[in-house]
Amino acid sequence: MRMSSSIPFKLFEEECLKLLKTSLEESRIESTENVLVRSLEIPPAREMGELALPCFELAKLLRRNPKELAEELAAKMSLMERKYVSDIKPAGLGYINFYVNHFELAQELFTAVTNFGSQYGLIKVERPLKIIVEHTSGNPIHPLTIGTGRNAVIGDSLASLLRSRGHDVKAHFYVNDVGLQVMIAAYGYSKVMDKIKGEKFDHSIGIIYPMTNSIVEIIELRKRLERASDDETKREILKEIDEWVGIAYELRNKDPELFDYLLSKISEDEDPKSMISKLNKDYEEGAREAVEIVRGLCKAVIEGFKQTLSRMWIKFDSWDWESEIAVWSKATEEVIGKIGDIAPWALERSEGALVLNVNGVASALNLKEKWGLADKELPKLTLRRADGTSLYTTRDIVYAFWKLKKADKVINVIGAEQSLAQLQLKIVLALLGVKDVETRYIHYAYELVKLPGAKMSSRRGRYIPLDDLLNESVNRVRIEVEKRGSALSEEEKKEIAEVIGVGAVKYALLNVTASKPITFDFDQVVNFERNSFPFINYTYVRALGILRKSSFTPTPNVDTSKLTHEYERELVIQMAKYPKIFIEAADELKPELLTNYLNQLSELFNSYYEKVNVIKEKDEETRKARLMLVYSIKTVIESCTKALNFKLAQRM
RNA sequence: GGGCCCGUAGCUCAGUAUGGAUGGAGCACCGGCCUCCGGAGCCGGAGGUCCCGGGUUCAAGUCCCGGCGGGCCCGCCA
């Protein structure tokens, strides 16, 4: 029975460490295992082996010359018995390079791949946690945009990764059905309900909302203009009116009939703004008419969200209505009461509104030092409006509690622009007695997706719907599929275009580190060359093609010593490392590590494919070993894409 | 005024948490490769003051300090 591991590369690492330890002991050098584990690194170039130990730190400790030390240790280790380490060489000014025996490594890899199939590399944690990933949570006033799309893709891949890691993960969508934006949309919707055409409802609201908003803004500004006394204010107001008129004009062009109708209906109202405020108050109080209209709107918009999301294979376990959790339950008022009980000194009244001195709380709890915050004044947080209605952050505190009660850990994918509010929220959680806030409640911040010219703004109706991006991508893939003119049926072509087109969008949004802003460009997001999902799927199809034509069944019983080509060596090493990369991606919440990995593996395989023929190989043993290598590539791509929740086309 | 984030090739980005040997890709540009296991591919070329200046270190794209440029945020929006 061969010793086997689900992380092949680790066998090599452990052997390197063992050799080092033994050689140090022989040289009577005191235990320095920590130094070793920390220092062992991947060398910058292929010819320097697979792992290296820089001896400078050790040499300094021992007051030795690093070069000589490296030479001495390497010589010693070269004489020792070993299995996975083929060569040990001193190099440079004080490095020891370790070269892997990739024939042995290939045996381990093939065993693991045969045993685990497309579960290969998805190493489970010892202690699974209950984790909630809250993501997407787009406001129900317009369709999902490329911005919320980025959120959705990040959140979904995190949820998927953590699930693959063995955690008990639930994906939650927070429905923001409370607040003025939704009320504006509901107010406009109530005016034009029967005029709405057959298109996707979220898209309809996506135009009604900004139209209503601009009309109400203009009416309100005109009133202020009448009341204004001095010329300076008048000029400012006029400037603002001009801007909004421009926006309204832009919006009217999209649907003149709808706009004019909406305008006439809103003009019938004496004071639209106060009607919106009243709707807001009524809704928070649960008045039946208000609930009917707002709920009706939100449900219909969410139906549109679900269609878009399911197209991206994104599912949620829970839809959490803000109104239910935070408002109607009276929980928001309870939380405010609790804060008052614990820290009455931190609450202030300001023109009728209730304000929390967050800075005082942070100081009192010693959080600034503990959380490494700058020693600066933190801004205050308004907990309740003067009219008694609640505010987003206050409601979010309640929601945070609600989530924390259900899970060990809560990951919230929320835009980076909310960093301050999220910090304030965490401080309040700590005040209310939540332990380990900083590890249990995570704000996973992502930067916005910007347009090349103008800024995106839902209030102005300037945004790119995620649906449009998906359609564009799928259409472009469809054109490519047609070009190939293959013998596929229409139905198959359609499916392939969908899988690859959607995958291309997901990959593009995921591949850039979340903390970096993306400037949106169709040609860049929807690119089908290297470093794209189509490229990866293409690689996969190539591997499948080889396997299909050779009637192959996986087995570790192949002669790995036949894999002598340098690309074969590279591929074996790369795949043996995959489980380690998966673990890091899941534990450090870095899905982009896996998109990068997939791309690298694909590049390697395509180079190999160009240089080495598998099927035509005459030597039976060599052919079998190569087939197993190709099968492993196919398997790793399946495992990795599955962990990120992508689908793969079998042909393209 | 303050806080957070970003600054790496003409453009878009990896690499920075945990410092290590000649700083990697893609796009665009130039030049090659289809009697193929499907060219959505492969090979080569050109292209870098890693924003600037100090400091720590045997060693800095990476850590520290100070600047510069861009984005976001700073009590009744979400």
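Heavy atoms only: backbone and side chains are in, while hydrogens, waters and symmetry mates are out.
Comparing B:U8 with B:U12, their P atoms sit 8 Å apart, to the nearest whole Å. Here the separation of B:C5 from B:A46, taken at their P atoms, is 39 Å to the nearest Å. Comparing the same atom, C1', in B:G26 and in B:G71 gives a spacing of 25 Å after rounding to whole Å. Taking atom P on both B:G15 and B:C68, the two are 28 Å apart, rounded to the nearest angstrom. Only the C1' atoms considered, B:U16 is 14 Å distant from B:C64, to the nearest whole Å. Rounded to whole Å, the P atom of B:G67 lies 9 Å from the corresponding atom of B:G2. The gap from the C1' atom of B:U18 to that of B:G54 amounts to 25 Å, rounded to the nearest Å. Taking atom P on both B:A14 and B:C74, the two are 26 Å apart, rounded to the nearest angstrom.
Remark: ring of A:Tyr392 does not overlap the six-membered base ring of B:C77 in a stacked fashion, as centroids less than 5.5 Å apart with planes less than 30° apart are not both met. By the 5.5 angstrom centroid cut-off and the 30-degree plane limit, A:Tyr538 is classified as not stacked against the base of B:G41.
Checking B:A28, B:C37, B:A21 against every side-chain atom of A:Met48, the shortest atom distance belongs to B:A21. Among the nucleotides B:C5, B:G38, B:A21, the one closest to any side-chain atom of A:Ala91 is B:A21. Of the candidates B:C76, B:G41, B:C74, B:C76 carries the atom nearest the A:Leu391 side chain, counting heavy atoms from C-beta on. Distance from the side chain of A:Ile615 is smallest to B:C37 among B:C76, B:G38, B:C37. For A:Ala52, counting side-chain heavy atoms from C-beta on, the closest listed nucleotide (B:A21, B:G20, B:C5) is B:A21. Among the nucleotides B:A78, B:G41, B:C37, the one closest to the side chain of A:Asn613 is B:C37. The side chain of A:Glu41 lies closest to B:A21 when the candidates are B:G38, B:A78, B:A21. The side chain of A:Pro44 sits closest to B:A21 out of B:A78, B:A21, B:C76. The side chain of A:Ala386 lies closest to B:C76 when the candidates are B:C5, B:C76, B:A40.
No hydrogens or angles were tested; on distance alone, a donor-acceptor pair under 3.5 Å links the side chain of A:Glu610 to the base of B:G41. If you check distances only, the side chain of A:Asn97 does reach the base of B:A21 with a donor-acceptor pair under 3.5 Å. For A:Glu584 against B:A17, a side-chain-to-base donor-acceptor contact under 3.5 Å is present.
The phosphate of B:G41 (OP1 or OP2) has no side-chain N or O of A:Arg530 nearer than 4.0 angstrom. Between A:Arg385 and B:C76, a side-chain N or O to OP1/OP2 separation shorter than 4.0 Å is absent. Close to B:G38, at under 4.0 Å from its OP1 or OP2, lies a side-chain N or O of A:Tyr609. At least one side-chain nitrogen or oxygen of A:Lys516 sits closer than 4.0 Å to the OP1 or OP2 atom of B:A14. Considering only side-chain N and O atoms, A:Ser532 lies nowhere under 4.0 angstrom from the phosphate OP1 or OP2 of B:A40.
A:Pro517 comes within 4.0 angstrom of sugar-phosphate atoms only, judged by non-hydrogen atoms across all strands, and of no base. Heavy atoms of A:Glu351 sit under 4.0 angstrom from at least one base atom. Residue A:Val612 is in base contact, counting any heavy-atom pair closer than 4.0 Å across all strands shown. Using a 4.0 Å heavy-atom cutoff across all strands shown, A:Glu603 reaches sugar-phosphate atoms only and no base atom. Within the nucleic acid shown, A:Ala416 has no heavy atom closer than 4.0 Å to any nucleic acid atom.
In this entry B:G41 has B:C33 as its Watson-Crick or G-U wobble partner, both defining distances falling under 3.5 Å. Partner assigned to B:G69 is B:C6, using Watson-Crick or G-U wobble distances below 3.5 angstrom. Across all strands shown, B:G61 forms no Watson-Crick or G-U wobble pair with both key distances under 3.5 Å. Base pairing of B:C11 is made with B:G26, judged by Watson-Crick or G-U wobble geometry with both donor-acceptor distances under 3.5 Å.
Side chains of A:Glu492 and A:Ser489: a donor on one and an acceptor on the other come within 3.5 Å. Residues A:Asn139 and A:Gln181 bring a donor and an acceptor atom of their side chains to less than 3.5 Å of each other.
We find that CG of A:Asn527 is positioned 12 Å from C1' of B:A28, with the value rounded to whole Å. A straight line from CZ of A:Phe605 to P of B:G39 spans 11 Å, rounded to a whole angstrom. Atoms CG (A:Asn537) and C1' (B:G38) sit 13 Å apart, rounded to a whole Å. Atom CD of A:Glu417 is separated from atom P of B:G71 by 15 Å (rounded to the nearest Å).
Ring geometry for A:Tyr608 versus A:Phe605: interplanar angle of 30 to 60°, hence tilted. Using cut-offs of 30° and 60° on the angle between ring planes, the pair A:Tyr507 and A:Phe646 is perpendicular.
Under the 6.0 Å distance and 45° angle rule, A:Lys506 does not count as a cation-pi partner of A:Phe533.
Taking a cutoff of 4.0 Å between a charged side-chain nitrogen and a carboxylate oxygen, A:Asp619 and A:Arg626 do not qualify as a salt bridge. We find that A:Lys590 and A:Glu584 are not joined by a salt bridge, their nearest charged nitrogen and carboxylate oxygen being 4.0 Å or further apart. Using a 4.0 Å cut-off between a side-chain N of Lys or Arg and a carboxylate O of Asp or Glu, A:Arg64 and A:Glu68 do not qualify as a salt bridge.
Position along RNA chain B of the nearest nucleotide to A:Phe56 versus A:Asn531 favours A:Phe56 as the more 5'-ward residue. Remark on RNA chain B: of its neighbouring residues A:Ser350 and A:Tyr567, the 5'-side contact belongs to A:Tyr567, judged by nearest-heavy-atom nucleotide.
Taking the six-membered ring for Trp, A:Tyr95 and A:Phe56 have ring centres closer than 6.0 Å.
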